[in-house]
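These notes concern the structure reproduced below.
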Number of protein chains: 2
Amino acid sequence: MATKAVNPETRRSKLERKERAILDAARAVFVEHGFDGARVSEIARRAQIGEGTIYSYYESKAELMLAVLQQFWDGLTREAEAVMASVAADGFFDRLRALAQYHLNILILNADFINLSFALRRNNSEVSVSRDHLRQYVAVFDRLFLRGQDRGELRQDAVLWQARDIFYGSLEYSGRSIEMTLDSDHKVREQAPVVEQMVALFRSHYGVIDKADAKDSSMFDQLAQKLDQLSDKFDALSERLS
Amino acid sequence: MATKAVNPETRRSKLERKERAILDAARAVFVEHGFDGARVSEIARRAQIGEGTIYSYYESKAELMLAVLQQFWDGLTREAEAVMASVAADGFFDRLRALAQYHLNILILNADFINLSFALRRNNSEVSVSRDHLRQYVAVFDRLFLRGQDRGELRQDAVLWQARDIFYGSLEYSGRSIEMTLDSDHKVREQAPVVEQMVALFRSHYGVIDKADAKDSSMFDQLAQKLDQLSDKFDALSERLS
DNA sequence: GGATATACCGAGTGCTATTCAATTAGCCTT
DNA sequence: AAGGCTAATTGAATAGCACTCGGTATATCC
């Protein structure tokens with residue numbers, strides 16, 4: 001009956017299309033209802049396949065969730081890299097600010113999702129997969145930090161793992177506080193101080209100390225000089241106008 | 001048939017005893033199997049009551065879990081206070097070290113439990129209860145920090161919420177890293193550097209600045225003065241133009 | 001000691017993830 | 001193009017769980 005002329009899908013392409021459909025549907029349903037609240041039947045319906053079919057792609061609901069989470073973390077990694085690349089200035093602290101902003105925002109928007117990444121660990125033996133994807137994500141920070149050290153913007157004796165723990169840990173905690181405390185209208189507004197404080201902390205704790213006080217004072221002198229010049233220009237302008 | 005002479009339990013005491021039995025059994029089973037893995041029937045069996053009886057004490061499995069978590073966090077708060085009180089020296093940094101050590105250890109030992117505190121939030125509307133108990137726990141840190149400021153050990157311009165986020169956030173993240181990376185033999189060993197780095201961070205970032213920096217401030221004063229002058233000129237000009 | 005209220009029980013209910021025997025669809029050989 | 005073969009798909013059946021409810025035991029009151 002069916003004409004083969006309409007370029008029927010190959011076996012492979014069909015599988016890939018269905019897998020994507022399942023993953024997309026699953027993600028939507030998980031986000032909407034959480035893990036326990038999500039019905040496998042609803043995922044199947046949205047992906048337009050039979051309920052049993054899901055189980056020929058994934059062992060269980062938990063493993064399906066894991067696949068969704070992998071996709072999620074991979075996306076974050078890619079986006080985080082993109083955000084960093086899009087910062088005009090290539091200094092460490094500007095990029096750190098951009099990364100912190102991005103990360104905090106993600107944390108607040110996907111809080112439940114991220115919690116599930118860790119909460120799911122107990123049920124399933126396939127932990128390592130999720131762990132690797134998480135590692136890839138934090139590696140974005142690691143690269144930034146090491147580059148900052150190479151460029152001489154950060155102290156050589158700074159401890160990477162501590163910096164990483166502070167960065168991601170504090171942001172996660174802050175994100176949870178913001179998410180728990182405020183209504184959705186205020187969420188965006190309250191993010192700025194968190195990010196700024198984080199950058200300030202990194203600047204003061206991991207930023208290079210200027211070689212000597214001499215340099216410090218010379219920098220102050222430079223600023224003072226610039227201000228004086230500005231003041232002079234101002235006077236000139238002022239005079240000309242009168 | 002039953003003799004009343006054997007000092008039968010009063011109605012109230014019996015209820016309390018059963019409630020405790022349920023809570024203890026539930027805690028054990030939840031720790032052992034996680035939330036989803038825990039069978040209500042097993043909790044009932046261990047508490048030596050009928051399965052249905054549990055539901056005359058708690059609305060649902062989730063609410064029972066919540067009660068267990070409350071007990072858990074209350075215990076932590078009490079123990080944390082005790083740990084702080086037991087430190088011989090009453091200086092801020094020694095107490096901070098003790099609190100960090102205690103907290104990190106708890107995090108590693110009860111990782112799943114703590115994850116559940118946050119993961120459970122979605123399912124149940126009775127969130128606020130858990131939130132209050134959590135607040136009480138972090139208040140231990142807040143009191144310590146404020147006292148440190150009062151005693152002049154910490155900078156007056158330090159931001160409490162940021163310090164809190166860094167303290168609990170970093171430790172939580174570190175704890176998870178330790179828990180995920182290492183086998184149980186190494187867990188204890190790797191805690192020390194985390195705690196020490198945390199204390200060092202607080203010392204350098206929030207500790208009072210040595211008087212020697214007077215020079216710095218005088219330079220700042222100079223700059224500020226120049227800016228003020230410039231600002232005045234600006235105002236004057238501005239006024240003249242209008 | 002009987003009436004009444006309260007606590008307790010566990011067999012049933014309803015809902016869901018998961019399985020599996022039957023069916024369909026793509027692919028390959030001739 | 002037909003037929004056979006394999007892999008993919010299906011949804012009705014299964015199994016396991018949280019939770020309910022009618023009935024029973026137990027304490028309290030008069």
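Residue numbering restarts at 1 for every chain, and letters A, B, ... go by the order of the sequence lines. Excluded from the calculations below are hydrogen atoms, water molecules and symmetry mates; all remaining heavy atoms, backbone and side chain alike, are included.
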Let me have the donor-acceptor pairs involving side chains of residues 76-85 of chain A, under 3.5 Å, with sequence neighbours excluded, atom names and distances please.
{"from": "A:T77", "atom 1": "OG1", "to": "A:W73", "atom 2": "O", "distance (Å)": "2.9"}
{"from": "A:E79", "atom 1": "OE1", "to": "A:Y102", "atom 2": "OH", "distance (Å)": "3.4"}
{"from": "A:E81", "atom 1": "OE2", "to": "A:R143", "atom 2": "NH2", "distance (Å)": "2.2"}

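Below 30°, between 30° and 60°, or above 60°: for B:F141 and B:Y168 the angle between ring planes is above 60°, a perpendicular geometry.
Note on A:R203 versus A:E196: no salt bridge recorded, every NZ/NE/NH1/NH2 to OD/OE distance being 4.0 Å or above. Between B:D132 and B:R135, at least one side-chain nitrogen of the basic residue sits less than 4.0 Å from a carboxylate oxygen of the acidic one, meeting the salt-bridge criterion. Of the charged side-chain nitrogens involved, none lies within less than 4.0 Å of a carboxylate oxygen, so that B:D90 and B:R95 do not count as a salt-bridged pair.
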Notebook entry, point to check: Taking protein heavy atoms under 4.0 Å as touching, what does nucleotides 9-20 of chain D look like 5' to 3' if B marks base contact, S marks sugar-phosphate-only contact and - marks none?
Noted result: SBB----SSSBB

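For the pair A:E42 CD and C:dC15 P, the interatomic distance rounds to 16 Å; values are reported in whole Å. In this structure, the CZ atom of A:R45 is 12 Å from the P atom of C:dT16, given to the nearest Å.
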